[in-house]
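Just so it is clear, the values below take in all heavy atoms, side chains as well, and ignore hydrogens, waters and symmetry mates. A, B, ... follow the sequence lines: proteins, then strands. Residue 1 opens every chain. Just so it is clear, the structure is predicted and the values come from calculations on it, not from any experiment.
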Amino acid sequence: DTAVSQTPKYLVTQMGNDKSIKCEQNLGHDTMYWYKQDSKKFLKIMFSYNNKELIINETVPNRFSPKSPDKAHLNLHINSLELGDSAVYFCASRHRDRGTGELFFGEGSRLTVL
Amino acid sequence: GDSVTQMEGPVTLSEEAFLTINCTYTATGYPSLFWYVQYPGEGLQLLLKATKADDKGSNKGFEATYRKETTSFHLEKGSVQVSDSAVYFCALSHGSSNTGKLIFGQGTTLQVKP
């Protein structure tokens with residue numbers, strides 16, 4: 001039933017490790033996003049895909065690599081994790097040519113790097 | 001570039017008090033405007049939206065009016081409840097653009113005390 005689902009919800013790992021977060025939406029949307037929320041609650045866009053094509057790639061270290069195997073899935077892989085990567089990562093989606101621009105968000109994946 | 005500025009928080013109110021959270025924006029053209037709410041430990045939910053000047057968005061007793069002359073979209077509620085305690089985000093989007101990304105304000109934490 002969940003519209004935008006992310007896994008895992010919590011992730012605790014050591015510096016230097018590689019980890020992935022997965023996102024799936026069942027809303028029939030064609031555009032998906034990754035946002036990062038820092039400890040002060042500020043939300044910043046990281047990436048966006050439209051129909052598997054990368055359309056937004058903000059200033060993000062190249063240790064972060066998004067992958068969209070199809071328009072319903074958008075995964076985020078992070079190499080060589082650093083302390084500063086600790087944050088909540090939100091996936092979101094929308095249909096580009098319909099609606100009034102609102103995004104639908106997942107519940108977030110809280111990443112803690114020790 | 002486009003930006004959104006919200007009033008600093010936290011905002012602490014007693015139950016049944018009147019709420020105003022100020023939001024102003026800088027943008028080219030005619031963006032759509034949104035208020036999202038994030039309850040503790042949860043993702044972002046759309047609270048209300050407005051897509052053109054003078055539109056009023058409303059939901060769950062909250063209201064906001066799109067004021068182009070003052071580039072503002074202030075959130076109001078006549079009588080807050082403890083259950084309204086959350087972080088509120090003002091955001092804008094050019095919904096018809098190719099990317100459709102949401103640009104968020106810094107968020108305002110609301111604490112309602114019984």
Among A:K41, A:K9, A:R110, A:K44, residue most engaged with chain B (heavy-atom pairs, under 4.5 Å) | A:K41
Are [X] and [Y] in one and the same hydrophobic cluster, where Ile, Leu, Val, Met, Phe, Trp and Tyr link if side-chain heavy atoms are under 4.5 Å apart?
X: B:F89; Y: B:L92; value: no
X: A:Y35; Y: A:Y49; value: no
X: A:L83; Y: A:Y89; value: yes
X: B:V87; Y: B:L47; value: no
X: B:F34; Y: A:I56; value: yes

Against chain A, label B:F104 side chain, backbone, both or neither, depending on which of its atoms sit under 4.5 Å from a heavy atom there.
-> both
Under 4.5 Å from any heavy atom of chain A - which part of B:L46 | side chain
If you count heavy atoms of other groups shown closer than 6.0 angstrom to [atom1] of [X], is the number above 12?
X: B:K68; atom1: NZ; answer: yes
X: B:E16; atom1: CD; answer: no
X: B:F18; atom1: CZ; answer: yes
X: B:E69; atom1: CD; answer: yes

Which portion of [X] sits near chain B, non-hydrogen atoms under 4.5 angstrom:
X: A:Q6; value: neither
X: A:E53; value: neither
X: A:I45; value: side chain

Set of side chain to side chain contact (heavy atoms under 4.5 Å, CB included) partners for B:Y39, sequence neighbours left out = B:V37, B:E42, B:Q45, B:K60, B:A86
Close side-chain approach of [X] and [Y], heavy atoms under 4.5 Å:
X: A:E102; Y: B:Y36; value: yes
X: B:K101; Y: A:F47; value: no
X: B:L102; Y: A:L43; value: no

Mind checking which of residues 61-76 of chain A sit less than 4.5 Å from chain B, heavy atom to heavy atom?
-> none
